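Below is one structure; the comments refer to it alone.
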Amino acid sequence: MIQETKALFIIFGGTGDLARRKLYPALFKLYQKNYLKKHFAVIGTARREWSDDYYQEIVSQAVSDEDTVTEEAREFASHFRYQSHNVNDTEHYETLKILADSLDQEYSIEGNRLFYLAMSPSFFGTISKNLKDQQLVTEKGFDRVIIEKPFGSDFPSAKKLNDQIRNTFDESQLYRIDHYLGKEMIQNLMAVRFGNSLVESFWNHRYIKNIQITLSESLGVEERGGYYDTSGALRDMVQNHVLQLVSILAMEPPQTFCAENVTKEKVKILSSLKYYSKEELDNHFVRGQYAENPARPDEYSAYRQEEKVDEKSSTETFVAGRLEIQTPRWKDTPFYIRTGKRLKDKTTQIDVELVNHSLPLFGEKETAKTVFSLKVDPDKGISLYLNGKKAGPIIELESIELSKLYTKEELVNSPEDYEKLIGDVLKGNSTNFVHWDELAASWKFIDHIRGMWDSTTPEFPNYPSGSMGPEASDKLIAQDGFSWFLN
Ligand code: NAD
């Protein structure tokens with residue numbers, strides 16, 4: 001039986017896009033499943049002047065289908081209160097404390113508090129300091145902090161931010177979100193890898209030629225041009241999501257799935273990434289920026305024409321790279337990564353190409369690739385591509401696919417990313433969150449690349465919207481004799 005966790009959420013950035021699109025629906029799901037029930041309340045706080053009634057209306061709408069707001073949604077929203085203020089203003093925290101204490105009493109929450117920092121990270125230090133100074137951090141119950149990306153823009157800024165937050169909270173109280181870690185198929189990766197001796201037996205450089213990770217987006221920067229132009233794909237996607245997936249794919253089996261053991265193994269991988277010289281970087285990394293598509297001129301605009309983007313911007317909207325992980329397990333097995341905006345489709349997929357020394361019994365024709373694929377989004381499933389016999393009178397090989405695609409019905413109980421992760425925070429389980437040591441190692445690696453890239457001006461734009469990125473991305477992998485499995 002599911003037991004509710006008593007909890008008071010204080011959401012900084014309660015009027016924001018993330019809160020509406022992700023957090024309120026996730027909390028509602030947890031409410032519907034009884035992880036949150038009677039003893040929970042939410043304070044939304046942001047600059048705008050909203051009344052409780054208006055806020056509750058916004059929350060009910062956010063968790064409902066377009067036209068119908070159910071009684072259950074209204075009941076859920078009745079647990080929400082709104083307080084307007086500027087987070088830089090100390091008085092704000094005094095009134096916030098009064099409201100928090102009274103809701104704690106009203107809903108018998110017993111001091112359990114979750115502070116959700118869903119606004120610009122530049123405020124996190126100030127918020128943490130004030131939470132402590134104004135005693136919003138409680139003596140009884142738990143205090144947990146959920147932190148959104150971006151956590152810094154390089155190692156020094158991430159460290160500064162971390163030091164500020166750590167003046168108030170211990171590492172064990174911090175839950176740094178990377179929503180990829182909440183994805184059903186990333187969880188499933190652990191099950192498939194560690195639940196089958198067969199898989200674990202080939203999960204090394206002797207049997208794996210290369211691993212390919214693609215996180216492609218079909219959208220451009222949309223309204224985020226201002227932020228994105230100061231960030232770029234390397235910081236916005238590779239530093240966090242891509243390197244997190246690499247570390248999970250490559251890590252040694254942890255002793256247990258507890259946060260401490262998993263972090264330890266992930267950090268070993270992130271610290272084993274090879275740092276390239278300038279010359280090696282030019283050979284092993286490609287950056288790109290999207291242009292219009294001459295064949296579909298009305299459909300797309302170039303990145304440099306996007307709102308709030310510098311018209312001479314050198315910001316990359318695409319990165320492909322060849323990573324080397326210097327551990328005995330991955331000796332000579334490259335990990336190719338690829339991520340970008342305005343690509344052909346929105347897809348997250350991991351393709352593991354296996355060694356295939358088929359016997360020379362089948363004539364001249366080349367055998368097809370043997371590939372283990374993990375489809376993360378939008379399809380969710382696992383496929384193994386093998387060589388089999390084409391049905392007929394002669395022995396002729398063809399590629400056959402053994403596949404398990406999860407159906408909508410099977411996924412009905414699968415939590416959305418944010419629901420899964422906030423549920424973990426309620427349980428105090430930080431396995432699927434990013435530890436500071438992981439962040440530190442990944443920022444150092446990214447800073448090394450960034451530093452070399454920033455010393456030269458790239459020739460942008462270099463790929464048409466709706467393609468799979470610059471041609472150089474295909475050449476990058478072709479120079480090792482491989483090709484992207486996902487096209
Ligand atoms: P947003 O601009 O829609 O919302 C920002 C919120 O912060 C608003 O509620 C605003 O009122 C509040 N705010 C800003 N300055 C304030 C101040 N001085 N005092 C009090 N409140 C203030 O942004 P968002 O898209 O909701 O993103 C929030 C954070 O989450 C950002 O750090 C973003 O990078 C991160 N994030 C967002 C998404 C997403 O899908 N939107 C995804 C991942 C991470």
Side-chain angles (χ1 to χ4, degrees), residues 9-27 42-51 54-55 58-59 62 80-96 99 115-131 134 136 145-153 157-158 161-162 164-165 174-183 215 217 219-233 235-242 244 307-308 339 341 346 348 377 416-422 432-434 439:
F9 287 83
I10 301 181
I11 301 181
F12 292 87
T15 61
D17 171 71
L18 181 79
R20 279 196 221 200
R21 279 194 311 111
K22 299 287 182 190
L23 308 189
Y24 302 145
L27 291 175
V42 179
I43 302 174
T45 173
R47 269 180 309 195
R48 287 179 209 176
E49 299 280 343
W50 280 3
S51 66
Y54 184 70
Y55 184 43
I58 295 279
V59 171
F80 285 64
R81 303 288 186 283
Y82 184 77
Q83 196 197 309
S84 140
H85 230 297
N86 189 324
V87 291
N88 290 316
D89 182 348
T90 317
E91 273 176 36
H92 164 63
Y93 299 89
E94 289 169 18
T95 35
L96 197 58
L99 180 58
F115 304 98
Y116 203 120
L117 309 189
M119 53 190 295
S120 164
S122 58
F123 295 116
F124 293 175
T126 312
I127 298 175
S128 307
K129 181 174 183 315
N130 280 299
L131 289 177
Q134 308 305 323
L136 271 133
V145 188
I146 309 178
I147 304 173
E148 276 296 338
K149 77 167 201 181
F151 200 96
S153 53
S157 59
L161 183 55
N162 200 53
Q164 287 172 341
I165 299 172
L174 303 181
Y175 294 77
R176 297 183 196 82
I177 290 242
D178 185 320
H179 70 277
Y180 276 74
L181 302 184
K183 289 187 182 294
L215 273 64
E217 298 176 274
L219 292 177
V221 285
E222 311 298 297
E223 311 83 42
R224 292 174 69 226
Y227 155 73
Y228 196 87
D229 210 35
T230 62
S231 167
R235 291 186 173 117
D236 189 53
M237 295 295 285
V238 181
Q239 178 273 324
N240 37 51
H241 311 314
V242 173
Q244 279 295 320
E307 234 176 86
K308 298 193 189 145
T339 183
K341 290 197 177 291
K346 179 170 171 51
T348 302
D377 267 327
E416 292 288 330
D417 316 344
Y418 273 88
E419 177 194 341
K420 157 81 186 141
L421 295 173
I422 298 174
N432 298 308
F433 293 82
V434 183
L439 252 179

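Note that the coordinates shown come from a computational prediction; the quantities given were computed from them, not determined experimentally. Residue indices begin at 1 and follow the sequence shown. Every number for a ligand or one of its atoms is a count from 1 in the order of the listing.
For Lys129, the NZ atom sits in a loose shell: 12 or fewer heavy atoms of surrounding residues, nucleotides or ligands are nearer than 6.0 Å. Surrounding CD of Glu416 are at most 12 heavy atoms belonging to other residues, nucleotides or ligands under 6.0 Å away. In the displayed structure, Glu222 atom CD is contacted under 6.0 Å by more than 12 heavy atoms of other residues, nucleotides or ligands.
Taking the six-membered ring for Trp and thresholds of 30 and 60 degrees, His92 and His85 have ring planes inclined between 30 and 60 degrees apart. In this structure, His179 and His241 have perpendicular ring planes: the angle between them is above 60°, well past the 30° mark.
Counting protein heavy atoms only, atom 19 (N) of ligand 1 is closest to Val87 N, 3.0 Å. Summary of contacts: the protein heavy atom closest to atom 4 (O) of ligand 1 is Gly16 CA, 3.4 Å.
When the options Asp178, Thr126, Leu23, Asp17 are ranked by their closest heavy atom to atom 1 (P) of ligand 1, first place goes to Asp17. In the candidate list Arg48, Arg47, His92, Arg47 is nearest to atom 15 (N) of ligand 1, counting heavy atoms. Compare Ile11, Leu18, Asn86 by their heavy atoms: the one nearest to atom 18 (N) of ligand 1 is in Asn86.
Near Thr15, the atoms of ligand 1 lying under 4.0 angstrom from a non-hydrogen atom of the residue are 8 (C), 9 (O), 10 (C), 11 (O). Distances below 4.0 Å separate heavy atoms of Gly13 from the following atoms of ligand 1: 6 (C), 7 (O), 9 (O). Numbered from 1 in the order shown, with element, the atoms of ligand 1 that lie under 4.0 Å from a heavy atom of Pro121 read 32 (O). The ligand atoms of ligand 1 that sit less than 4.0 angstrom from a heavy atom of His85 are 19 (N), 20 (C).
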Original post:
Do Arg224 and Asp17 pass the salt bridge (Lys or Arg N to Asp or Glu O under 4.0 Å) test, and can you show the C-alpha distance, the side-chain angles, and the key distance before you say yes or no?
Top reply: CA-CA 11 Å; Arg224 292 174 69 226; Asp17 171 71; over 6 Å; no

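Between Val145 and Leu131, every side-chain heavy-atom pair lies at or beyond the 4.5 Å cut-off. By the 4.5 Å heavy-atom criterion applied to side chains, Phe12 and Glu148 are not counted as neighbours.
Residue Phe123 touches ligand 1 through its side chain alone, judged by heavy-atom distances below 4.0 Å. The part of Glu148 lying near ligand 1 is the side chain, judged by heavy-atom distances below 4.0 Å. Contacts with ligand 1 closer than 4.0 Å are made by side-chain heavy atoms of Arg21 only, the backbone lying farther away. At a heavy-atom cutoff of 4.0 Å, ligand 1 is contacted by both the backbone and the side chain of Ala46.
When Thr348, Asp377, Asn432, Asp178 are each tested for a side-chain hydrogen bond (donor to acceptor under 3.5 Å, both in side chains) with Lys183, only one passes: Asp377.
Here the side chain of Tyr24 pairs a donor or acceptor atom with the backbone of Gly14 at under 3.5 angstrom.
Inspection of the Asn240 and Arg176 side chains reveals no N or O donor paired with an N or O acceptor under 3.5 Å. Using a 3.5 Å distance cut-off with no hydrogens or angles, the side chains of Asp236 and Tyr227 do pair a donor with an acceptor.
An N or O contact shorter than 3.5 Å is missing between Asn88 and ligand 1 by distance. For the pair Met119 and ligand 1, the shortest N or O to N or O distance falls below 3.5 Å. The shortest N or O to N or O distance between Ala118 and ligand 1 is not under 3.5 Å. Of the polar atoms of Thr45, none of the N or O atoms is found under 3.5 Å from an N or O of ligand 1, judged by distance alone. For ligand 1, the polar-atom distance check against Lys149 finds a nitrogen or oxygen pair separated by under 3.5 Å. Considering both main-chain and side-chain atoms, Pro150 never comes within under 3.5 Å of ligand 1 through any nitrogen or oxygen pair.
Atom 41 (N) of ligand 1 is approached by the protein to below 4.0 angstrom, counting heavy atoms only.
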